[in-house]
Amino acid sequence: MPIYTRTGDSGSTQLGKGRIFKGSSEIQALGVLDELDAAIGIVAAKITGDTSKCDFVHRVQAMLYVIRTLMHNADSKPSSEIDVETEVKLLEKEIDRMDEELPTLTDFILQGGGGGAAECHFARCVCRRAEQVLWNTNNGSQVYYTYVNRLSDYLFTLARYLNNLHGTKEVCVKNLLKKIQEK
């Protein structure tokens, strides 16, 4: 069976609730969540030195799949009940666990680094956009919005954790601006 169906050639696609315009806010949200999943997949591919972090990132990807599935089939219940509130709490615990190993953040830092950190920062930007697009759909539960919001915090903390793990020094914006002003 081919992957193409030709049914979307006219600008609509099939969701659980029927055919829908490809330019709709729901399709935009599904697309940016898909993009976020791909960006996080790149993060997983780049993580070195801590396989538990890679495993957790894969868990995040699975949750994004669940959220997309529920948005796709907004009128039906998921076949396997996943407690998204519990997943939000797991994100928070993982953020706190990593944060305990990090120096206190006292200034804004430049986005970047090695060992997957730069990719985390990029994924966080996609995550923020996904959150904005989700809010425009009014299609979903508050807990899904909360999950995506917390996910951006997780990605920021993971970037800092990976930089710390690999000995990559964070570049503080304030210090950099001082150097620029001195020249």
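All values derive from a computational prediction rather than experimental measurement.
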So how far is it from D107 CG to E170 CD, rounded to the nearest 0.5 Å? 10.0 Å
To the nearest 0.5 Å, atom CE of M98 lies from atom CZ of F156 at 11.0 Å
So which heavy atom on N164 is nearest to which on P103, and how close? OD1-CD, 4.2 Å
Would you say the side chain of Y154 lies within less than 4.5 Å of the side chain of V57, judging by non-hydrogen atoms? yes
Please determine whether a side-chain nitrogen of the Lys or Arg among R128 and E131 lies less than 4.0 Å from a carboxylate oxygen of the Asp or Glu. yes
Any link between F108 and L177 through a network of hydrophobic side chains (Ile, Leu, Val, Met, Phe, Trp, Tyr) touching at under 4.5 Å? yes
Restricting to non-hydrogen atoms, name the atom on A130 and the atom on V32 that form the minimum distance, rounded to 0.1 Å. CA-CG1, 3.5 Å
Result for salt bridge (charged side-chain N to carboxylate O under 4.0 Å, His left out) between E87 and one of R59, R150, K93 points to R59
Do I40 and L151 come close enough that some side-chain heavy atom pair is under 4.5 Å? yes
Please report the shortest heavy-atom distance between D37 and Q61, naming the atom on each side. OD1-NE2, 2.8 Å
Are I27 and Y144 connected in the hydrophobic side-chain network, where two residues link if heavy atoms are under 4.5 Å apart? yes
May I ask you to test the Y147-V60 pair for a side-chain heavy-atom distance under 4.5 Å? yes
Would K46 and C120 satisfy side-chain contact (heavy atoms from CB on, under 4.5 Å), going step by step from the backbone distance to the final call? CA-CA 10 Å; K46 294 287 186 173; C120 284; over 6 Å; no
If you look at every heavy atom in S152 and C127, which pair is closest and at what distance? N-SG, 3.6 Å
Heavy atoms of R160 and L102 approach each other most closely as O-CD2, 3.5 Å
Among I47, L91, T51, L158, which residue meets the side-chain contact (heavy atoms from CB on, under 4.5 Å) test with F56? L91
Between K179 and E182, is the salt bridge (charged side-chain N to carboxylate O under 4.0 Å, His left out) condition met? List the steps. CA-CA 5 Å; K179 287 180 183 179; E182 291 171 359; over 6 Å; no
Nearest atoms (heavy-atom pairs only) where Q28 meets V133: C-CG1, 3.7 Å
Using 0.5 Å steps for rounding, measure from the CG atom of L162 to the OG1 atom of T168. 9.5 Å
Measuring from atom CG of L30 to atom OG1 of T69, what distance do you get when rounded to the nearest 0.5 angstrom? 9.0 Å
Examine K53 relative to Y161 and say whether NZ or CZ is less than 6.0 Å from the centre of the six-membered ring and inside a 45° cone about the ring axis. yes
Are any side-chain N or O atoms of N163 and backbone N or O atoms of K169, one a donor and one an acceptor, separated by less than 3.5 Å? no
Salt bridge check, E92 against K89: does any charged N sit closer than 4.0 Å to a carboxylate O? no
Quick one: pull up CZ in R6 and OH in Y4 and give me the separation to the nearest 0.5 Å. 5.0 Å
Drop me the distance from L155's CG to E119's CD, to the nearest 0.5 angstrom. 11.5 Å
Hey, are the side chains of M63 and V84 touching, using non-hydrogen atoms and a 4.5 Å cut-off? yes
Is I42 linked to V148 within one hydrophobic cluster, defined over Ile, Leu, Val, Met, Phe, Trp and Tyr using a side-chain heavy-atom separation of less than 4.5 Å? no
Determine, stepwise, if the pair D34 / L64 fulfils side-chain contact (heavy atoms from CB on, under 4.5 Å). CA-CA 8 Å; D34 193 32; L64 290 173; over 6 Å; no
Less than 4.5 Å apart, any side-chain heavy atom of V173 and any of L110? yes
